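The model shown is predicted, which means the values in this text are computed figures rather than measured ones. A note on names: the letters A, B, ... follow the listed sequences, proteins ahead of strands, and every chain is numbered from 1.
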Amino acid sequence: MDRVTAAWIYDTLAEHYPDACTPLPFFHSPFQVLILTILSAQTTDQAVDKIRPALFARYPTPADLAAADVHEVEKIIHSTGFYRVKARHIISTAAMLVNRFGGTIPSTMEELLLLPGVGRKTANILLFHALGINAGIAVDTHVKRLAGRLGLTTRIEQDLIEQDLMNLYPQERWGDLTDIMIAHGRRCCTAINPHCGVCPVSNVCPFYQQTR
DNA sequence: ATCCCGAGGG
DNA sequence: CCCTCTGGAT
């Protein structure tokens, strides 16, 4: 894949998903972004958005959440799935913010990975959305599938796919690229029955040429 | 019925 | 590496 085509794909998709890069509004505090990002695993934005007001009305600060009753948290976040695990994680994370990071959220990958419920993917998205840092490209199943179909990479391992994409795009686009590819993977380039007929980049897509 | 803006544990 | 944890969207 050459950079000219890769850049065109980025521009075209970016225009097509103008809201893809700001799933978590700016008025949320870094603390809220952190908690909401942990809760976002394996669920939808709508599900997280639905419980957000109740959650932060009850636990406005890390100290409040650290002292929370786990069953009460479970009840509030129930609709986001994995609620028992997530309830434990966000309470423990809040406690760690208070005890180790002075109530603020850490700004490096290494420190973020110490937080319960924060793995590689969440840390990556978090660095971008809470802190504006383009630390890398979060390669999930959507990005993996989309990058493969578009011919942006021929690799299988997610680390190598990330390297290919990072080589293809300048660092200041990594965060946006993650969001754009996830949005397109979810809304158009789906695993089964992809909507190639309305896909804005199908004209340069090897997968589309091969299946038509 | 299947998959997911995963992470932790064995 | 494989398993589990969960609801919701499609």
* **Touch class at under 4.0 angstrom, heavy-atom based, for T178(A) against every strand present** => nothing
* Out of dA9(C), dC4(B), dA7(B), which nucleotide sits closest to the side chain of T44(A)? -> dA9(C)
* Looking only at side-chain N and O atoms, does T141(A) come under 4.0 Å of OP1 or OP2 in dC4(B)? -> yes
* **side-chain N/O H78(A) vs dG7(C) OP1/OP2, d < 4.0 Å** => yes
* Write down the distance between NE2 (H195(A)) and P (dT10(C)), rounded to a whole number of angstrom. => 10 Å
* **Q42(A) side chain near dG6(B) phosphate (N/O to OP1/OP2, under 4.0 Å)** => yes
* **Stacked cation flag R173(A) on Y10(A), 6.0 angstrom / 45 deg** => yes
* In one Ile/Leu/Val/Met/Phe/Trp/Tyr side-chain cluster, 4.5 Å: Y208(A), L13(A) -> no
* **Carboxylate-amine/guanidinium proximity below 4.0 Å for E162(A) and K144(A)** => no
* **Candidates T153(A), I180(A), I182(A) - the one meeting side chain to side chain contact (heavy atoms under 4.5 Å, CB included) with V143(A)** => I182(A)
* How is R120(A) classified with respect to the nucleic acid when contacts are heavy atoms under 4.0 Å: base, sugar-phosphate, or nothing? -> sugar-phosphate
* To the nearest angstrom, how far is D140(A) atom CG from dG6(B) atom P? -> 7 Å
* Would you mind reading off the distance between I182(A) atom CD1 and dG6(B) atom C1', rounded to a whole angstrom? => 12 Å
* Separation between the P atoms of dT6(C) and dG10(B), rounded to whole Å -> 16 Å
* Asked: Whole-Å distance between dG8(C) P and K86(A) NZ?
  -> 11 Å
* Would you call the rings of H78(A) and Y83(A) parallel, tilted or perpendicular if under 30° counts as parallel and over 60° as perpendicular? -> tilted
* F82(A) ring over dG6(B) six-membered base ring, under 5.5 Å and 30° -> yes
* Calculate the interatomic distance between L36(A) atom CG and dG6(B) atom C1'; express it in whole Å. => 16 Å
* Just how far, in rounded Å, is C1' of dC1(C) from CD of Q158(A)? -> 15 Å
Polar-atom pairs under 3.5 Å, protein N or O versus N or O of nucleotides 8-10 of chain B: list them with distances, or write none.
from: dG8(B); atom 1: OP1; to: G117(A); atom 2: N; distance (Å): 2.8

* Asked: Quick check: does any side chain N or O of T43(A) sit under 3.5 Å from a backbone N or O of S40(A), one acting as donor and the other as acceptor?
  -> no
* Asked: Considering only the P atoms, how many Å lie between dT10(C) and dG6(B), rounded to the nearest integer?
  -> 16 Å
* **Nucleotide of dG6(B), dC4(B), dT6(C) approaching R145(A) most closely (side-chain heavy atoms)** => dC4(B)
* Roughly how many Å is it from CG in L39(A) to C1' in dC5(C), rounded to a whole number? -> 14 Å
* Asked: For the side chain to side chain contact (heavy atoms under 4.5 Å, CB included) test, which of I137(A), I133(A), D179(A), T178(A) pairs with F128(A)?
  -> D179(A)
* Non-hydrogen atoms of C189(A) and L146(A) that approach each other most closely -> SG-CD1, 3.6 Å
* **Between dC5(C) (P) and E74(A) (CD): distance, integer Å** => 14 Å
* **Phosphate contact (dT6(C) OP1 or OP2) by R84(A) side-chain N/O below 4.0 Å** => yes
* To do: Verify the contact: side-chain N or O of T43(A) to OP1 or OP2 of dT6(C), cut-off strictly under 4.0 Å; return yes or no.
  => no
